[in-house]
Amino acid sequence: MTEYASLNVRLYGTDEPPAAARQMRAGALSMLFEDGALRRITLAGREAIRGIAFVVRDRDWGTCNPRITNLDIADADGAFSVHYDAACGDALTWSATITGAPDGTLEFVVTGRARSAFLTSRTGFVVLHPVRHLAGAPVTVTHTDGAVETAAFPLTISPSQPFKDIRALCHEAAPGVRVTCTMEGDAFEMEDQRNWTDASYKTYIRPLARPFPYTLEPGREFVQRVRIDANGRLPEPPRVANSGVTVSLGTADAGGLPVLALAVDPAHVLDARTAVRTIRESGVEWLVCRFDSAAGHDADTMALFRKLGDETGARLVLEAVLPLTDRTGNYTDDPAVLAADVATLRGAARRAGAEFAVVSGSPSCYLKSYQPAGPGPSAPRLSDVYARLRESFPGAQIAGGMHGYFTEFNRRPPPVEALDIVTHSTCPIVHAADDVSVMQTLEALPSVFATVRELAGPTPYWIGPTAIGMRFNPYGAAPAANPGNGRVAMATLDPRQRGLFNAAWTLGYIACAAEAGVAGLCLSAVAGPHAIRWQPADWPQPWFDRLAADAAVFPVFPVVAGLAGRTGTRLVAAESSDTTALAALALQGAAGTELWLANLTAAPLSITLVGPVGGPIGGPVGTARVQCLDADTFEGCCADPGGFAATARPMTSNRVDAGAYAVLRIAA
């Protein structure tokens, strides 16, 4: 065995530590200061504002991680002040001052200057309101001309901006307490960030109707300000934090377990033998195979898919990108081009002898993002695309929607009557890549699933290839580079794919999807940056590269392997008392209830199981056994695909502890 993996590698797949956060108070308001921003601004433990940050996006909407210097913090007696300087490279600098007063008033002021012409898609404040307590709740909007609008935060996900030309927002944060957020520096507008699975409503500076990217002229100073006022009878914050979570087990039918699939990208499946072993050991029975003739995919690519299907017994889904471009390279709605592109697709499959149970087709133009009110691309009607695919693949079910994110699905819902399956993917690092924000995306999934149901009715619903890392960038030329193996927004390579973090996030995703009746999930891949096991790669894989064992798997592997191949297994009710901290999934098997738990936080949890099933779970005390994937068992579980089973131990009470991002399986 090689030297031990560091704790950060075990948790996050990288030696880069998580950002340090400092707790501060302004009267009754409590908040965290982290990386130059405020987050989780609460009243008596209830979140009023999710975050306030000064954000810089480059021309491709990539997020700048600023260099912060001269940080000075004074914090005492329910008040504080923070000052720091920041820079993005040598082109843009700013100074920030944050003050919190004993009366519950906050003010965040930024004064900035571009040293040279700076091309940006957004430079300025964003304010996040939490979804959990505010979806559908009243809000008062003050516009820049002083007009006041009484409205409500969107309940289902709004495809376009629910409010524009904003100067202030006011909502009830706790009974009898109203919080007003006033924003200055330019007109602000709001978008429903649940479109990207961010669990927030985001109010940001500079309307998207204005041209972007735009240039900050050198030498010109700008000032922006956000102020928070809390008015009413302010409650006292809770004095004792409760680290315990209860899981209530029931007997009610909670639906069935979705199909679990893995993605196959020809660019990364270089060793077919390893890919075959990965698929077999995982138990996954479906593969989602990407094909894009514009990327050079051809009959040889289809032959790879056929081989993987033949040697593993997995059923194949063809994720077909149709170029649909004319001779000049521009998108076109020419029916002849559609017919030719589908004929190329069908011809490649026929020559390779590849057959697909499902064909999911999309014009390549929809791999990019378009504003709901703006002009769309030149493309055939989706109903015509699906009809052509159905004609060419008569034995397959036809899936449609978007290969991109729910955002585009919501903006341009597909013609459901032409489809057997609706689909889209998600990405949790479009806007932020810190650990808390990524895990919070699970909070937005119920809203995503409910909105799809409103748009698509009972049509079977699959989530397409999804991982923490970004597959492609709908908002710019390409995903961001991540040479430092860190937490980078909109990067394909995210180190947490290799950590316990991803195992917990994946189980949380499966639990949310199963509860909503999602029929299929493709989470992680056979190979590449979103793989479930180690392979030699062009990017660093700390500890795993030193282990250098073909059998090595990432922590997500036991989750996938433990639940794959069990499509339709009945679920029973398992209710977590704090779904932001603990995900729970209970399966009803021949031997009794099988309970999976995931700690979604970096802090240890004490978990109590209650319910009518008796004993710790499904029988008298001592008959249940618990398997644990955590920082202590990480190396054994990753060095051997069977390592998770080897962690089993008797469960002697109805209480169990779970370390940071731990995954537990409890069964008789």
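Because the structure is a prediction, the values reported are computed rather than measured.
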Open item on the list: Does the plane of the ring in His171 sit parallel, tilted or perpendicular to the ring in Phe153? Use 30° and 60° as the thresholds.
Closed with: perpendicular
- [ ] Grab the two heavy atoms, one from Ile205 and one from Gly185, that are nearest each other, plus how far apart they are.
- [x] CD1-C, 3.9 Å
Task: Gap separating the CG atom of Asp35 from the OH atom of Tyr84, nearest 0.5 angstrom - done: 9.5 Å
Task: Evaluation steps, side chain to side chain contact (heavy atoms under 4.5 Å, CB included), between Val177 and Leu43 - done: CA-CA 9 Å; Val177 182; Leu43 273 166; 3.6 Å; yes
Task: Sidechain-backbone polar pair: Asp58 side chain, Trp61 backbone, donor-acceptor under 3.5 Å - done: yes
TODO: Would you check, one step at a time, whether the test side chain to side chain contact (heavy atoms under 4.5 Å, CB included) holds for Gln224 with Val109?
DONE: CA-CA 6 Å; Gln224 298 180 20; Val109 182; over 6 Å; no
- [ ] Give the minimum heavy-atom separation between Ala478 and Asn473, together with the two atoms involved.
- [x] O-ND2, 3.0 Å
Open item on the list: A side-chain contact here means heavy atoms from C-beta on lying under 4.5 Å apart; do Leu523 and Tyr509 qualify?
Closed with: yes
Open item on the list: Using a strict threshold of under 4.0 Å (side-chain N to carboxylate O), is an ion pair present between Lys202 and Asp192?
Closed with: no
TODO: Please confirm whether the backbone N or O of Thr426 pairs with a side-chain atom of Thr466, one donor and one acceptor, at under 3.5 Å?
DONE: yes
- [ ] Show the numbers, then the answer: is there a side chain to side chain contact (heavy atoms under 4.5 Å, CB included) between Leu169 and Phe188?
- [x] CA-CA 11 Å; Leu169 296 167; Phe188 284 70; over 6 Å; no
TODO: Verify whether one side chain among Gln497 and Ser524 offers a donor that lies under 3.5 Å from an acceptor in the other.
DONE: yes
- [ ] Report yes if some heavy atom in the side chain of Thr142 is under 4.5 Å from a heavy atom in the side chain of Ile166; otherwise report no.
- [x] no
Open item on the list: Can you confirm whether Thr203 sits close enough to Met183 that some side-chain heavy atom of one is under 4.5 Å from a side-chain heavy atom of the other?
Closed with: yes
Task: Main-chain N/O of Val438 paired with Thr441 side-chain donor or acceptor, under 3.5 Å - done: yes
TODO: Examine the side chains of Asn410 and Arg194 and answer whether a donor and an acceptor come within less than 3.5 Å of each other.
DONE: no
Open item on the list: Has Glu47 got a side-chain atom pairing as donor or acceptor with Ile41's backbone, closer than 3.5 angstrom?
Closed with: no
Task: Heavy-atom closest pair, residues Glu443 and Ala199 - done: CB-CB, 3.6 Å
Open item on the list: What I want to check is whether the side chains of Glu149 and Thr140 have a donor and an acceptor closer together than 3.5 Å.
Closed with: no
Task: Modelled atom types, side-chain donor and acceptor of Asp198 and His431, under 3.5 Å - done: yes
Open item on the list: When you measure from the centre of the six-membered ring of Tyr370, is the NZ or CZ of Arg411 closer than 6.0 Å and no more than 45° off the axis?
Closed with: no
- [ ] Could you verify whether a donor N or O on one side chain and an acceptor N or O on the other, from Asp85 and Asn70, lie under 3.5 Å apart?
- [x] yes
- [ ] Measure the CD-CG distance between Gln193 and Leu128 for me, rounded to the nearest 0.5 Å.
- [x] 5.5 Å
- [ ] Please determine if Arg487 forms a cation-pi arrangement with Tyr12, meaning its NZ or CZ atom is less than 6.0 Å from the six-membered ring centre and no more than 45° off the ring axis.
- [x] yes
Open item on the list: Tell me which one of Arg206, Arg210, Arg225 satisfies salt bridge (Lys or Arg N to Asp or Glu O under 4.0 Å) with Asp186.
Closed with: Arg210
Task: Considering all heavy atoms, the nearest Ala489-Ala433 contact - done: N-CB, 3.4 Å
TODO: Could you walk me through whether Thr180 and Asp229 pass the side chain to side chain donor-acceptor pair (under 3.5 Å) test, one step at a time?
DONE: CA-CA 5 Å; Thr180 302; Asp229 295 283; over 6 Å; no
TODO: For the pair Glu172 and Arg178, evaluate salt bridge (charged side-chain N to carboxylate O under 4.0 Å, His left out) and give the outcome as yes or no after the intermediate values.
DONE: CA-CA 4 Å; Glu172 187 175 69; Arg178 298 188 66 78; 5.2 Å; no
Task: Non-hydrogen side-chain atoms of Thr601 and Met439 separated by less than 4.5 Å - done: no
Task: Residue pair Tyr204 / Gln161, side-chain donor-acceptor N/O under 3.5 Å - done: yes
Open item on the list: Any side-chain to backbone donor/acceptor pair from Thr506 onto Asn502? Under 3.5 Å, distance only.
Closed with: yes
Task: Side-chain (Ser158) to main-chain (Ser160) donor-acceptor, under 3.5 angstrom - done: yes
Task: Mutual orientation of the aromatic rings belonging to Phe409 and Phe406 [parallel < 30°, tilted 30-60°, perpendicular > 60°] - done: parallel
Task: Flag if over 12 foreign heavy atoms under 6.0 Å of CZ, Arg167 - done: yes
Open item on the list: Could you check, using the six-membered ring where one of them is a Trp, whether Phe125 and Phe108 have ring centers closer than 6.0 angstrom?
Closed with: yes
Task: Heavy-atom check, side chain of Leu442 versus side chain of Trp505, under 4.5 Å - done: yes
Task: Backbone of Ser95 reached by a side-chain donor or acceptor of Thr111 within 3.5 Å - done: no
Task: Any donor-acceptor pair under 3.5 Å from Arg412 side chain to Gly401 backbone - done: no
Open item on the list: Which heavy atom of Arg10 sits nearest to which heavy atom of Ala5, and what is that distance?
Closed with: NE-O, 3.0 Å
- [ ] For side chain to side chain contact (heavy atoms under 4.5 Å, CB included), just list the numbers for Thr63 and Val56, CA-CA rounded to whole Å, side-chain angles, deciding distance to a tenth of an Å, and then say yes or no.
- [x] CA-CA 6 Å; Thr63 302; Val56 179; over 6 Å; no
Task: Close aromatic pair by centroid cut-off 6.0 Å: Phe163 and Tyr201 - done: no
Task: Any donor-acceptor N/O pair, His83 side chain to Ala96 backbone, under 3.5 Å - done: yes
Task: Side-chain H-bond candidate by donor/acceptor type, Trp539 with Asn482, under 3.5 Å - done: no
Task: Shortest non-hydrogen contact from Gly508 toward Ala583 - done: CA-CB, 3.7 Å
- [ ] Decide yes or no for Pro323 and Asp292: does some side-chain heavy atom of the first lie under 4.5 Å from some side-chain heavy atom of the second?
- [x] yes
Open item on the list: Tell me if the centroids of the rings in Trp94 and Phe54 come within less than 6.0 Å of each other.
Closed with: yes
TODO: Evaluate the pair Cys88, Cys64 and indicate whether the two SG atoms are within a distance below 2.5 Å.
DONE: yes
- [ ] Could you walk me through whether Gln440 and Thr580 pass the side chain to side chain donor-acceptor pair (under 3.5 Å) test, one step at a time?
- [x] CA-CA 7 Å; Gln440 283 176 339; Thr580 66; over 6 Å; no
Open item on the list: Looking at Asp90, I'd like to know if its CG atom is crowded, meaning that more than 12 non-hydrogen atoms belonging to other residues, nucleotides or ligands lie closer than 6.0 Å.
Closed with: no
TODO: Using a 4.5 Å cut-off on heavy atoms from C-beta on, say whether the side chain of Asn485 contacts that of Arg498.
DONE: yes
Open item on the list: If I take atom CG from residue Leu216 and atom OG1 from residue Thr120, how far apart are they, to the nearest 0.5 angstrom?
Closed with: 6.0 Å
Open item on the list: Can a side-chain donor-acceptor contact be found between Ser30 and Gln23 if the only test is distance below 3.5 angstrom?
Closed with: yes
Open item on the list: Quick one: does any side-chain atom of Arg46 pair with a main-chain N or O of Ala174 as donor and acceptor, under 3.5 Å?
Closed with: no
- [ ] Classify the side-chain pair Asn8/Ser6 by whether it contains a donor and acceptor separated by less than 3.5 Å.
- [x] no
Task: Side chain proximity check, Arg25 to Asp75, heavy atoms < 4.5 angstrom - done: no
Open item on the list: How long is the straight-line distance from OG of Ser116 back to CG of Leu92, given to the nearest 0.5 Å?
Closed with: 9.0 Å
- [ ] Measure from NZ or CZ of Arg496 to the centre of the six-membered ring of Phe501, then state whether that distance is under 6.0 Å and the direction lies within 45° of the axis.
- [x] yes
